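A short write-up of the structure that comes next.
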There are 2 protein chains.
Amino acid sequence: MSREAQFLTAIHSNGLRMTRQRQLILEVLEASQEHLDAEAIHDRVKARDPRIGLATVYRTLALLKAMGLVKEHSLGEEHGHFEMVQKVPHYHFTCIGCRQVIEFEASAVMEAVQSLIDREGVQVMDVHLSLTGYCSNCREERATNHEVKVEV
Amino acid sequence: MSREAQFLTAIHSNGLRMTRQRQLILEVLEASQEHLDAEAIHDRVKARDPRIGLATVYRTLALLKAMGLVKEHSLGEEHGHFEMVQKVPHYHFTCIGCRQVIEFEASAVMEAVQSLIDREGVQVMDVHLSLTGYCSNCREERATNHEVKVEV
DNA sequence: GCACCTATTGATAATAATTCTCATTATCAA
DNA sequence: TTGATAATGAGAATTATTATCAATAGGTGC
């Protein structure tokens with residue numbers, strides 16, 4: 001089942017309605033391989049329909065998250081970034097220097113999560129692994145600068 | 001070296017000054033095994049010196065984070081929670097129902113991080129693994145309620 | 001101990017991200 | 001086509017955090 005069909009099914013089975021706005025926001029998310037924030041999604045959606053408000057973007061993202069179709073990441077920033085949920089779970093490394101994001105897979109993570117489930121009997125709804133640091137380029141730059149001071 | 005001594009050394013080697021406020025905030029953090037947010041830390045510090053402002057708490061937390069003595073977690077909420085860095089890395093599961101936090105260790109996580117370092121040549125400054133879901137109690141409650149609706 | 005330089009503080013204004021409010025519009029079942 | 005009500009847009013409100021700035025207080029040299 002396509003994600004659009006999944007969305008439609010989830011919407012109808014909850015007594016909700018499919019709207020042009022929800023349709024467009026889903027399309028923007030599906031078309032992008034990046035990790036857009038709400039503002040960026042709003043910009044792209046507005047390009048197709050200038051009347052859509054930012055609040056609707058937030059509302060739809062909350063809905064998609066609740067349905068498990070979208071994940072939110074912090075990526076070392078103070079505001080959220082969003083992406084469609086993939087089949088294989090993956091995680092993010094964000095460079096503090098150049099803000100680039102490196103995605104990576106690591107089956108060991110879900111194994112560790114499973115052992116927590118086995119031990120504690122919890123039900124895990126969301127797994128969030130996020131690394132920050134310096135990519136190899138920014139790492140070299142910093143090394144030559146001999147930074148020792150604490151930067152607050 | 002005690003954490004207090006570490007803090008003092010880091011402060012002096014950066015041309016900064018040790019103050020009563022910084023001292024108190026560090027003591028509050030060390031005395032607590034919980035994951036306090038800035039407001040809670042402020043409350044506890046005020047009990048010992050009512051003049052201390054919230055801004056100073058945030059400034060000191062930022063300083064301690066930059067020095068690697070304190071870690072900030074989101075714990076599924078929209079504001080930060082803080083704790084002293086421990087020798088052995090550990091992670092957090094937060095129950096959406098009762099807000100309880102379960103801490104757990106998982107050496108597999110740092111192994112996965114190491115393999116990313118080896119592969120990409122990145123320098124990792126911070127690792128953040130956070131799970132949300134329902135603890136065994138809340139899980140059972142939900143099961144008997146037969147919830148199917150999407151809650152936004 | 002005293003004075004000086006300037007890091008730090010407290011109080012509060014400002015900012016940023018997100019959520020809420022409410023009158024208006026639009027979906028969709030009958 | 002109509003009616004009930006879900007959803008929207010615009011902007012106000014909220015929340016967490018950061019910035020501003022005059023007053024205060026570490027800590028170094030005398």
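It should be emphasised that the depicted structure is a prediction, and the values quoted were computed from it without experimental measurement. Proteins get letters first, then strands, A, B, ... in listed order; numbering begins at 1 in each.
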Nearest heavy-atom contact between Cys135(A) and Cys98(A) is SG-SG, 3.8 Å

What is the distance, to the nearest angstrom, from the [atom1] atom on [X] to the [atom2] atom on [N]?
| X | N | atom1 | atom2 | result |
| --- | --- | --- | --- | --- |
| Gln23(A) | dT8(D) | CD | C1' | 16 Å |
| Leu61(A) | dT8(D) | CG | P | 12 Å |
| Asn14(A) | dT27(C) | CG | P | 19 Å |
| Leu24(A) | dT27(C) | CG | C1' | 16 Å |
| Glu77(A) | dA17(C) | CD | C1' | 12 Å |
| His79(A) | dT18(D) | NE2 | C1' | 16 Å |

Geometric cation-pi criterion Arg142(A) and Tyr134(A), 6.0 Å radius, 45° cone
yes

Could you go through Thr56(B) and Arg59(B), starting from their C-alpha distance and side-chain angles, then the distance that decides it, and tell me whether this counts as side-chain hydrogen bond (donor to acceptor under 3.5 Å, both in side chains)?
CA-CA 5 Å; Thr56(B) 295; Arg59(B) 282 186 287 237; 3.2 Å; yes

Pairing partner (Watson-Crick or G-U wobble, both distances under 3.5 angstrom) of dT15(D)
dA16(C)

Mate of dA30(C) where both pairing distances stay under 3.5 Å, Watson-Crick or G-U
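Result: dT1(D).
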
Does a side-chain heavy-atom distance below 4.5 Å link His73(A) with Phe82(A)?
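The answer is no; the side chains never approach within 4.5 Å.
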
Could you tell me whether Glu34(A) and Arg44(A) make a salt bridge, using a distance below 4.0 angstrom between a side-chain N and a carboxylate O?
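Looking at Glu34(A) and Arg44(A), the cut-off is met.
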
Kindly assign one of parallel, tilted or perpendicular to the pair His90(A) and His35(A), based on the angle between their ring planes and the thresholds 30° and 60°.
tilted

For DNA chain D, whose closest nucleotide is more 5', that of His81(B) or that of His12(B)?
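Counting from the 5' end, the first nearest nucleotide belongs to His81(B).
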
Does OP1 or OP2 of dT18(D) have a side-chain N or O of Tyr58(B) closer than 4.0 Å?
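Answer no for this pair, as no side-chain N or O of Tyr58(B) is under 4.0 Å from OP1 or OP2.
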
If the sugar-phosphate is the primed atoms plus P, OP1 and OP2 and the base is the rest, what is the B/S/- string for nucleotides 5-13 of chain C, using protein heavy atoms under 4.0 Å?
BBBSBBBB-

